[in-house]
Amino acid sequence: MTDYNLIEFPEGIKGNSILVIDNDFLSFKIASVLEHKCIKVYDKDNEFVGRFKHRTEFKNSDKFNSEHRVEDSQSLKNDYKNSMSYLFNHFIKQYLKETDTKEVILVGGGPTNFRDNLPLPTKYKGNRDDTLRPLALKECKQFGLNNYPSLISDNCEADDLISMFQFRSSLDTENKIIVLTPDKDAKQTQGKLYVPGDKLYDISGIGFVGLKKLTKRTKLEFQGRISIAAQLLLGDSSDNYYGCSYYRILTKNSKKSGMLTDLKVYELLKDCITDKDYLQVVHDQYFKWYKDIDHWVDWQGNKIEGDYIDLLQVYWDVVFMQRWKDDKVDVRKLLITNGIIDE
């Protein structure tokens, strides 16, 4: 088909019309409705105050007291196993119909991920350790992988497998391939992407950045290769990385979020029309932050020797979704090729 080492279909897939679904997303969606959730509130003497649907209901009630202790409560519904099977079948049929495809592949995350070991200043997804997850999430993930044609990632993420099939969809003239995920990372890879509740995207080229007005703020939107630049500048609170993290340490800045707002990143990237344009913006910002460093300290306390481009490489490795197994971009070489730095 091409010279690329494109991802292969799992056994049992005939081809021609395939929908590739992020099993981690689908499992979370299903597991969330298989349980009863509420909060239980106790006073300072550990006396039970009441049960509420969520914290907002408690705060709006006449029993609200900021000194009360709040505990999350979860319990599985009695028929959750039957509901699990039904919901997998229901949503997969629905998504096949919405995308006009015939076969499904579920892709899930494996036990290891190279991003977990990257020498970032902050631990990748380190802010999720105490996150409350649905009780049946692990069981749902296994159910999906056991009952449908599936693939598990090898030292990467399910998002990378999605990206690999998405990339193949842009080159494969024999098979109709669509990937399904709501994850914003998927919008950087060329190919056909279906976002549930939104639309089908056919992503290609450099792409664009835009602004979407929300109730309380303005949100940066992006699509195409320029998405990588946007994420390198903006960072990602859900994955716990910001390109400016070590700069904040160096300057003793206690701010926990990114130092560039959505509006600022939009202003930096909105006029970029070539790869060199957005690479220049990223280079200049990291040079501004880190031009004087010869090392940084990672989240494990290790001293990492390197300059600002080496640190940029680490962040690129976090952001970049692989198009084939072990796909990696050499950032220094990329900047040299585009005439941004000297060899």
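Between the side chain of Ser150 and the backbone N or O of Leu106, no donor-acceptor pair lies under 3.5 Å. Panel note: side chain Gln231, backbone Val319; no donor-acceptor pair is recorded below 3.5 Å. Between the side chain of Glu67 and the main chain of Lys44, no donor-acceptor pair closer than 3.5 Å is present. Between the Asp277 side chain and the Cys272 main chain, no donor and acceptor come within less than 3.5 Å of each other.
Phe165 and Leu200 are members of different hydrophobic clusters when ILVMFWY side chains are connected at heavy-atom separations under 4.5 Å. Put simply, Ile309 and Tyr315 are part of the same group of oily side chains (I, L, V, M, F, W, Y) that touch within less than 4.5 Å, one to the next. Under the 4.5 Å side-chain heavy-atom criterion for Ile, Leu, Val, Met, Phe, Trp and Tyr, Val20 and Tyr148 are members of distinct hydrophobic clusters. A continuous path of ILVMFWY side-chain contacts below 4.5 Å connects Leu232 to Tyr241, so both sit in one hydrophobic cluster. Under the 4.5 Å side-chain heavy-atom criterion for Ile, Leu, Val, Met, Phe, Trp and Tyr, Ile206 and Leu234 are members of the same hydrophobic cluster.
Ion pairing of Lys192 with Asp172 is absent here, as no side-chain N (NZ or NE/NH1/NH2) approaches a carboxylate O to less than 4.0 Å. With respect to Lys187 and Glu221, no salt bridge is recorded, no charged nitrogen being found less than 4.0 Å from a carboxylate O. Ion pairing between a basic and an acidic side chain is recognised when a charged N comes within 4.0 Å of a carboxylate O; Asp116 and Lys125 show no such pairing.
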Candidate pair Arg115 and Asp159, rule salt bridge (charged side-chain N to carboxylate O under 4.0 Å, His left out), full reasoning: CA-CA 12 Å; Arg115 292 178 180 85; Asp159 293 342; over 6 Å; no

Apply salt bridge (charged side-chain N to carboxylate O under 4.0 Å, His left out) to Asp22 and Lys29, showing your working. CA-CA 11 Å; Asp22 179 352; Lys29 180 182 180 74; over 6 Å; no

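By the 4.5 Å heavy-atom criterion applied to side chains, Leu161 and Met164 are counted as neighbours. Contact check for Phe208 versus Ile226: no side-chain heavy atoms found under the 4.5 Å cut-off. Residues Tyr95 and Thr101 fail the side-chain proximity criterion, which asks for heavy atoms closer than 4.5 Å.
The salt bridge (charged side-chain N to carboxylate O under 4.0 Å, His left out) with Asp72 is formed by just one residue from the set Lys40, Lys37, Arg55, Arg133; it is Arg55.
Enclosure of atom OH in Tyr308 by more than 12 non-hydrogen atoms of other residues, nucleotides or ligands within 6.0 angstrom is indicated.
Between Trp289 and Tyr286, the two ring planes are perpendicular [angle over 60°; tilted spans 30° to 60°].
The OH atom of Tyr80 lies 12.0 Å from the OG atom of Ser75; values are rounded to the nearest 0.5 Å.
Listed here is the closest heavy atom pair of Tyr290 and Tyr247: OH-N, 3.1 Å.
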